[in-house]
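Each remark here refers to the structure printed beneath this line.
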Amino acid sequence: MNAEPSAVTQVVMGAQFWTATALFLVAYALIVSEKVHKTVVAIFGASVMIVLGIITQEEAFHSKDLGIDWNVIFLLVSMMIIINIMKPTGAFEYIAVKSAKVAKGQPFRIMVILSVVTAVMSAFLDNVTTVLLIAPVTLLICQALELDVIPFLLTEAMASNIGGTATLIGDPPNIMIASKAKLDFVSFLFNLAPVIVVILIVYILTIKIIFGKKLQVKDELRQRVMEMDERATLKDPVLLKKSLLVLAITITGFMFHGVLDLEPATVALFGAGLLLLISGVKDPHHILAEAEWATLFFFMGLFIIIGGVVNVGLVKWMSIQVLNLTHGNLLGTSMIVMWFSAFASAFIDNIPYVATMNPLIIDMARQLWPDASGLALLHHPDLMPMWWSLALGACLGGNGTAIGASANVIVVGLAEKAGKPISFGKFMMYGMPLMVESVTIAMGYVWLRYYVFKF
Amino acid sequence: MNAEPSAVTQVVMGAQFWTATALFLVAYALIVSEKVHKTVVAIFGASVMIVLGIITQEEAFHSKDLGIDWNVIFLLVSMMIIINIMKPTGAFEYIAVKSAKVAKGQPFRIMVILSVVTAVMSAFLDNVTTVLLIAPVTLLICQALELDVIPFLLTEAMASNIGGTATLIGDPPNIMIASKAKLDFVSFLFNLAPVIVVILIVYILTIKIIFGKKLQVKDELRQRVMEMDERATLKDPVLLKKSLLVLAITITGFMFHGVLDLEPATVALFGAGLLLLISGVKDPHHILAEAEWATLFFFMGLFIIIGGVVNVGLVKWMSIQVLNLTHGNLLGTSMIVMWFSAFASAFIDNIPYVATMNPLIIDMARQLWPDASGLALLHHPDLMPMWWSLALGACLGGNGTAIGASANVIVVGLAEKAGKPISFGKFMMYGMPLMVESVTIAMGYVWLRYYVFKF
Amino acid sequence: MKARNLMVKARNLMVPLTDYLRPESTIKEAVNMLRSAKRDDERVGVKGLPVLDAGGKLVGILSMGDILKAVYPFYMPMMNLGDFTWDGMVESLARQATDRTVDNIMTKNVITIGENDSLMKCVDQMIKNKVHRLPVLDDSNKVVGMLYERDVFFIIVKAMLEEGKDKEK
Amino acid sequence: MKARNLMVKARNLMVPLTDYLRPESTIKEAVNMLRSAKRDDERVGVKGLPVLDAGGKLVGILSMGDILKAVYPFYMPMMNLGDFTWDGMVESLARQATDRTVDNIMTKNVITIGENDSLMKCVDQMIKNKVHRLPVLDDSNKVVGMLYERDVFFIIVKAMLEEGKDKEK
């Protein structure tokens, strides 16, 4: 099952190839350097790709394979709309304060419960959203308990990256993989959630060892937390009920979207439309404008830039190089994909990374099984572990450094505002070992499940 | 060249047909009733169309013919980005104040110059944007001159609707027609601009008769206007130069997009990306969030809803009815399209109207010339006058009533805030005759140019 | 603990309600009221007063800023038009606004606070909503006083200046 | 005409600059300054003062609101957390903020006005930027005075109350 070296000749390295490759590399370099805002780089880079004819506008805007994957965009924007409408109900403040009270104001218990809550919420919401919902309450609780907030913020960010890995909608890389590989919500849950549960448990045992002993507070401070009335924040019970109803419908829709033959974005868009309708929003402009447009346009631009380099054959060339390297050994490729993805995602944004890897893996599959196409190719039994390895590597890898995941960037920013900056080195000191631990577990899981027991 | 009645049998009026038709009618009724915000109706209606399988998500998001026409959306959003970056430079305040000073503070001259400026700006910018840029200065100038602002606001709104008709990017109906019919910027300019110039001149002569004599001001009040220093508003000359450069590149790009084989949206997106890049915007989120997302999502939802009724054959059925009515007489059809479009657009939003008419005209063309396809069908010499009639009718028709065009709704709102409400009747008293006048000129033009002289 | 709490709830810091406006009052009457209102023993005149209807229900709040807004043309903030104003514009608009009533120009969306709310909640409300005074409501939603930014400021200043002496209070 | 114009430019209404803060001052010093500053002959104490560096350049403005913000945790406005505060929180945060300096907590983006700007431009700046006082700059960008909302308010009140008598001035 080795790749045919002759396939290399299929990539024509002409002027278009080098122009597109140069654009791609310059765009990546600018994104990594942070000299120019990544959204601006993506929009401008994409427009140049189209203007130069490397990708047509038709492909860029209307081809799911080469251009903007609207399934991803509408899934993201719809979930953002739902959360934006739901945010003022106070439900998230309720959950976080309630968690601290369930923990009886005991610091380590609070850390564990908030981490688990963050992980579970991240499985259904965007990680950044989750962290932005949990972190402010965490800061307040640490103020009340007169505790250093850093360990709490760190553990929450990492828990959010772990939890987000469990489902199709938990983290953008998964959304992108699902859309490209036409995988449904249940497959993600069935293949990723089990190992994430294990990873989360080990993670909590590990933070117990790291932080468990340091955390002590006086009883009178705990009293402050116990006196908080979590029900006080539920200002709009009618909107809350409507939001919870829509959230329930949406999550049920995700569970059954494969059976119902609906795309995840359809489910989310229906949820968003329904909530807009029943919440009686008078001026939807604000709700829509509050969506993270900088992030969404970053996605759109990236899809087009990647479409350009796919079009000229760069991605195909790269896939051939990978196959040459692994000599078509699938277990080896799978492990390389996972570890490479983890370390790559620890240092660069996992969104452009996965946007590049998706077509690369598909091209690799085309080299390996030239006769297969469509779902037979995408869901080839030997290809499936590759998707899961990519998802696990790219999502868990985010924990490696302070810039590995958007959630990390957020908590580092919050810590700095709180007057307790977390240096790049300090984050890595905690993050890197925890990441290696979780990816090791994931590696064992993939090996055992897909190569040893094969179920 | 009569339509074949047998074609009627091709439309299967099954459950899907009636469900889609009902959804379409309910959505239109809700939009007209204004009980629910039109954007919410569009988003929810679209999601229901997809959930019910009347249109697939793939079609809705990725098919230009059946779903969201991203050429339209990206053209609109890109122009919004450019204007949002440019607005703080003070260029628009400069233009309006300069106009009043060029008019030497004479009221009727100010009215004419501001109307012409509005018309010209509307040809290149969204009409609502133009009115929102010119109207505040108009209100200030009328305050300075102690004049009734109503005639000024009315004439500007109507001038904006007239001017917007002249180019591909002037008004959303034109953008939509251009995208569907694959017509370029120069065709619009060549076919519509001449008649718009005539209409504008007649319009100014008419407002001279209506308002000319009433407008008198004392010299000391004129002095207030003459003492305004229009250069004081140009706070950021560097950004101004960059914006003007990008605007020049973009408009040049529009002029040559047909020759360069680039879509208008590509040109606009490149302009937006370039301005984002060179203006050194630190946080693009705000610029992107300020785009009119409620309007853009209204478009997206509508495209999907119309795609649904196209899919089930409703639009085809409607096109057959129209052809039965006109017995395939093309001049007659063209005139009916123009006048019907004008009166329809005077009372309902011309965006959903044109979104419905576009596929209807294409279906009509398919009935008439079953052997043609692609550009041969869309640009069939006998079909061309139909596109221009639709554009002229739908755009000019907006002047008929206070709700006929978004620019009218804006000025009515401004007048009310200024404590001088314009009633529906009052607007119609001015608007309806002026609309009939302009559509009559347009009718004569289409008849002479395309059916008598045929050039 | 109890004694200390007494100092830090909204009701301990508020000025009990003595002066208020009626929605049907003219601007002239309101202005006289603002100028003559007692704030506390040493000072006279306030920058804002609550507006109560005949039934004593809070319907709005009127501040100096609202009076400025009443003479400020609505179209001015739509663009940068400050450079195109003329001398005497404010006065001429002020004369035109004379006959307007309080309910016309007051801020209708009043940010309030409960009498038992903590001081930090008051600060939270003031900063989040960019207001400088909060009507204080009792359990039955009746206005019982006004809490001014200045008084919160003095509490902060006290804590800053008398650092460490806090416990004795 | 000339005589009338004298009354309606920023420089005619401003309070000439006498008191100002230094960026390196502590909050304590700033608070004392705010409390003792002369605003005009009849009153004492102001709600805000400009901050000038050693070269006399305007680098910020410090108001009571800024001092409130200095003790207000940055995470509070991110969500609705006012209900979860505790008694003594403000005071305890105030004590922690004592050693911060003026340049740490001042508003750095100062909205100013030129001494020859019209009164309406001043109102425009105040309302658009939601500020209650404007440092007045001369042609060389030197701060020459402060324009307070209260004084603009009095001009408006005067125009409203003495409607018609305007011409005699």
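Keep in mind that what you see is a predicted model, and the values were worked out from it rather than measured. So that the names make sense, note that chain A is the first sequence line, chain B the second, and so on, each numbered from 1.
Note on B:Ala46, B:Ala294, B:Pro284, B:Ala291: by heavy-atom pairs under 4.5 Å with chain A, the leading option is B:Pro284. Heavy-atom pairs under 4.5 Å with chain B peak, among A:Val48, A:Leu288, A:Val281, at A:Leu288.
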Extract the chain A to chain B donor-acceptor pairs under 3.5 Å, no hydrogen or angle test applied.
from	atom 1	to	atom 2	distance (Å)
A:Gln57	OE1	B:Thr266	N	2.9
A:Gln57	OE1	B:Thr266	OG1	2.6
A:Gln57	NE2	B:Asn71	OD1	2.8
A:His62	NE2	B:Ile68	O	3.2
A:His62	NE2	B:Trp70	N	3.4
A:Ile68	O	B:His62	NE2	3.2
A:Trp70	N	B:His62	NE2	3.4
A:Asn71	OD1	B:Gln57	NE2	2.7
A:Thr266	N	B:Gln57	OE1	2.9
A:Thr266	OG1	B:Gln57	OE1	2.6

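In this structure the side chain of B:Ile43 never reaches within 4.5 angstrom of the side chain of A:Phe270, judged on heavy atoms. Looking only at side-chain heavy atoms (C-beta outward), B:Leu269 and A:Phe61 come within less than 4.5 Å of each other.
Both the backbone and the side chain of B:Ile68 come within contact range of chain A, judged by heavy atoms closer than 4.5 Å. Contact annotation for B:Leu277: both backbone and side-chain heavy atoms come within less than 4.5 Å of a heavy atom of chain A. If you measure heavy-atom distances from B:Val36 to chain A, the contacts under 4.5 Å come from the side chain alone. In this structure, chain A has no heavy atom under 4.5 Å from any part of B:Ala60. Heavy atoms closer than 4.5 Å to chain A are found in the side chain of B:Phe297, but not in its backbone. Proximity to chain B involves both the backbone and the side chain of A:Ile50, based on heavy atoms less than 4.5 angstrom apart. Contact of B:Val41 with chain A is not made at all, since no heavy-atom distance falls under 4.5 Å.
Residues forming a ring pair (Phe, Tyr, Trp, His ring centres under 6.0 Å) with A:Phe303 (at least two apart in sequence, or on another chain): none.
Rounding to the nearest 0.5 Å gives a distance of 10.0 Å between CZ of B:Phe44 and CG of A:Leu276.
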